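The model shown is predicted, which means the values in this text are computed figures rather than measured ones. Throughout, a chain's letter reflects where its sequence line sits, starting with A, and its residues are numbered from 1.
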Amino acid sequence: MLGPYVDAYLISWVVFLPLASGLLLLVANSVAGFLLRSNGLPKVVWQVIAMSSTSLTFVASLFGLWGRFDPEETGYQLVERVAWLPDYGIHYFVGVDGISLVLVLLTSFLMPVVLLASWNEIDRWSRSYLFFMLALETAMLGTFVSLNLFQFYVLWEVMMIPMLFIIGIWGGPRRIYAATKFFLFTVSGSLLMLVALVIVYRMNFEQGGALNFDLVRFVGHAPVPGVPLLDTVIPATTESGAPWWQTQLWLFGAFALAFGIKVPMVPFHTWLPDAHVEAPTGGSVILAGVLLKMGAYGFLRFALPLFPDAALAWAPWMTGLALVGIVYGSLVAMVQRDVKKLVAYSSIAHLGFVMLGVFALNLQGVTGAVLQMVNHGLATGALFVLVGFIYARRRTREIADFGGLARPMPVFAALLGFVVMASIGLPGLGGFVGEFLILLGSFGADPWAAVIATTGVVLAAAYMLWMYRRVVFGPLDKPENRGLIDLDLRERVAVGLLALPIVWIGVNPSPLLRRIEPSVSILLQEMELRRSHDEIPSAFEARSQELP
Amino acid sequence: MPADPQWIEDALLRWIVFVPLGTALASGLLLAVFRRTLSSSLVVWMSCGSVFASFGLSSLSFAKLVGLFGEVPVDDVPPRVLIDTLYTWVGVGVGNSAFSADLAFRYDALSAVMCLVVTGVGFLIHVYSVGYMRADTRDDGGLQRFFCYLNLFIAAMLVLVLADNLLLMFLGWEGVGLCSYLLIGFWYGDRQNAYAGSKAFIVNRIGDFGFIVGILLLFWSMADAGQPAVSFRAIEAGFGSVASQTLALPGWLGGGEIGLATSIGLCFFLGAVGKSAQLPLFVWLPDAMAGPTPVSALIHAATMVTAGVYMAVRLSFLYEAAPGALVVIAWTGGVTAVFAALLATAQNDIKKVLAYSTISQLGYMFLAVGCGAYAIAIFHLVTHAFFKALLFMGAGAVIVATHHEQDMRRMGGLRKKLKLTYWVMVAGVLAICGFPGFSGFFSKDEILTSVFFAHELPGHVALYWMGVATAGLTAFYMFRLLFLTFHGKTRLPRGRRGELDDPEDTMMWPLQILAVLAVLGGIIGLPQFWGDRIGVAESNSLGHFLASVVRLGEPHALDAGVVAQLVGGVLAASITGFGLAYVLYISRPGLREKLEPVLGVPRRVVARRFYVDELYDAVFVRPLVIFSDRVLSRGIDAGLIDGRLVMGSAHAVRGLAAHVLKHLQSGLAQAYLLLMLAGTVALLAYLVT
């Protein structure tokens, strides 16, 4: 009965399932409160329903999106487009290619794992927490599948709100400071992007004669008025007589600032350690696992294809910042005393690798960058989960407070060891494949950049093993650590779930690479086309599917 | 170059790796995640059995390789290579930049030798470990954990030697590094052990840096020439077209040009320097002795540390085109050999002596590689695996018998109690010192002969004499070890003297097998000269076997005079070393105290390994940490970026609001109206113009 609707709107089902269940829970909560004169639904009901709906979302994205996605076919797939504010060219327009597909899968996979991992962590207002997490998932998934720039921008901003509350309400002692900082950083970046976006929109209107926020041409039942953004001619420099604010160089800069803050690229990174240290485990995992990827994704989906000339002109600078991120992030990570802060700085270094791959602007580099986003999400997510587990037991994250944990907590030690190895890119685990492809691509673009980045491989081993040794090995000399209880079944399952894809990607990355690479290839072709011959129709296209 | 080989698909190869890997993963998962400890006998049977199965499969493949099952005689067929391709592991790119690394194993003569050594010696050490580790009750599930790591090591080492491409080889390379890390820190409760493990991993990563850059440089050079290649076969086939290219050096390296082959060769050699503990990255290996003794025998003597030599030989076609790199290799090897041998003379820890000895012997192997004598490097690798594993395990027997005493100053006189241990140790000592007829004699002699005749190598005469000096030092420190441990009066604490005896049989019979191999192992590579003298028809079978993989080089013009000169030099040096050790530690021990005022300071400097560790710490580690902490973390990150820029701008905005903007919001309606009026006027003015 539902079959055709499910089939035709697969992406929407996946995207809105979490929010819908969240809203349903809110309503049910009020109804229950009214009818039973109670406090609303018990916490465990919320947890079970949130858990099942996020799990269902993952299953749906696995069988619906991944299963239906045809790696042989280029362009966006499973496209849906519904008029929203058609007069302004604003539509609900979604679709996936190989790049967004793997990120959607990562997001929908992380969410139930996070809920499982932080099952007992939140003890006050836990129902609101769950609602925010569900809303956050919908916002994140929606951002990844957006093919309408306005829609993307709205969801990009909306995404911040639940995260703001998650850090600000359920965070550590300095949560308000961290949340404010997170918010101000992100907002100031995206405001500039908004300005640039309006300028592009305006240019698009002048050229196409109709308002259009669509990124790519939608080939459907009725022709879409105007031209999509990717067919808009944007002058590279002022030589053509265009004012400076209409040139790619500046527009790219505005987008790059917004995305660069989110990644984060040094020197716009200082919100990250604070946000991570204060956020609850769930917030940290989602922040590192998904939100940081938004920045890199924004570059790939919008900034690079829209402004290819500027991207090339900026590439050496972005590569330089990426290298600074790798080396600087690693060195600062090396001297941290707080485990979470160390992981936060390691994220900066890892995302430096991702940006290095993106701005290698070749097949290996960009493909590796996308794969590395997934790997980083899994490995760093697992790190934060494990740090959350010992924090729950010891109420401290100072490295110096631990030592010798391998004896009371052998399972924890083994799993942390595994995740540490994944994080430093041990071959056979996911991180290596991504890192190597990035280095390979980077070397093809600029050998010295790759050589400098390779030092990050040495430094990563240094700071990670230093932390691991201090926490897990050595004598068990702190009395507080003696009675620690090892991970229970729920905790083992949570980390185990994260470990499985890490091994799988490390041993056989082909299923992912096979889907990512063609999309990257089209992206690079599109950039090439838009650089030299603006008139040639876009390589990107989104075809509607046959509706029932 | 050797003739084009005959490629044979063989799906059995993967099981050489998968059997020990599967065992390791099964017992590791059970222990690590489910906390299920298996009974110790099951662990032992599974673990030793899987390595033995792997050895059996390797032997079977060896038989196929040499054509035992074939109908044609070996000499008439082209050399064979068995190959087993599973699937594409990492593949991205199209056309001339297509990178595609398969999960594929290849079994050629070189892999065969390594494979048999790894599984053969590995099996003996596994069996020995059963006895050695039985005493270890320090940790719940310790035995299972130990054998899990050990099996994982065997699997990773086999991937390393069987890999068909550089990326897969790197997987094995890092895998053995991981196992080394885990096993050095096996007794993790001790801070020193954990530290030594991390140090080994991190120092090795410095070498890996070279390895990775080498892969990248090699791939892109070949891709630029239109021949993207990842597998050894494709690289070897296409390397000729890029071998003569040069790279421009950047200004800060002095400008000029460097040969492409040389730079790639040097990158890979950096990896080898890390893994095989050569100067200047040798510092991790002595500390690695913190691991259980079987680990030292297997990983840090017989197999893993020789991976660098294996890699250099595997890439010999590349080094053939890179004479500059060969010079660096030869000199690094030569200097390391004599330097490490010198350090070994002043150690009191029995395992540390052997550790430096390993570094020194690896130096010999690199010396051989540097002279282009690849087959001889492998010959010494094999004989070294026999006698050094024997020596380590003998030392382990002593350590077990004396209840974990490692300081030779507190041993002495053990020969009467540990009779069997003593005799196998004697065999090992004679083998490493090159007693005529023993395995080390032939392999070391071959190396020195190659150096002697390596006229194209700058300074080969100096290298030759360094090799001879190393032989003398080797004899000195090995006999010093033997005398201090087994001879003289016992210096053991009284309480421990009573129950001294050779350890149990599971430890002793692997030792006896290895003793036989250490004595007779030279036969496999018996030099032509000696073969002719004693009437053996098939001499140097190892060399001929390896000829399908590496260039053998012209036989040297040897006559009895030259040989007498060569052998005489080494023997004289060795006898001098032995004599010195005999005088100082047996006949006139009092002499040592008399020499103390003269030799005390140099001895202490040598004992502290010329303060290299302290130097690295002071020059690299400490400044980097202090710089990261004070300048980067506190200065730039917290101070400049977050303090000045971020919070500074926040304060500036607040200041602006507090002092300037607040006047705008005065609450006076007239003021608001005035502003509105001004705004309207401005807007009108803009629209009109």
* Asked: Would the B:Phe186 and B:Phe146 ring centres measure less than 6.0 Å apart?
  ->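 B:Phe186 vs B:Phe146: aromatic centres under 6.0 Å.
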* To do: Run the ring-centre check on A:Tyr468 versus B:Phe201 and record whether the distance is less than 6.0 Å.
  =>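 No, too far apart.
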Toward chain B, the part of [X] with a non-hydrogen atom under 4.5 Å:
X	result
A:Phe185	side chain
A:Phe432	side chain
A:Leu440	both
A:Trp271	neither

Under a 4.5 Å heavy-atom cut-off, does chain A meet the side chain of [X], its backbone, both or neither?
X	value
B:Trp89	both
B:Val94	both
B:Leu171	both
B:Ile206	both
B:Leu217	both
B:Val625	both
B:Phe34	backbone
B:Phe170	both

* Asked: For B:Pro623, what residues pass the side-chain contact (heavy atoms from CB on, under 4.5 Å) criterion, not counting sequence neighbours?
  ->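 Applying side-chain contact (heavy atoms from CB on, under 4.5 Å) to B:Pro623 gives none.
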* To do: Please list all pairs passing the side chain to side chain donor-acceptor pair (under 3.5 Å) test where one or both residues lie in residues 173-186 of chain B, with sequence neighbours left out.
  =>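 Those involving residues 173-186 of chain B are B:Trp173-B:Asp208, B:Glu174-B:Arg205, B:Ser180-B:His300.
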* **Top of B:Ile636, B:Asn204, B:Ile215 for chain A proximity - count of heavy-atom pairs under 4.5 angstrom** =>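 Of B:Ile636, B:Asn204, B:Ile215, B:Ile636 has the most heavy-atom pairs under 4.5 Å with chain A.
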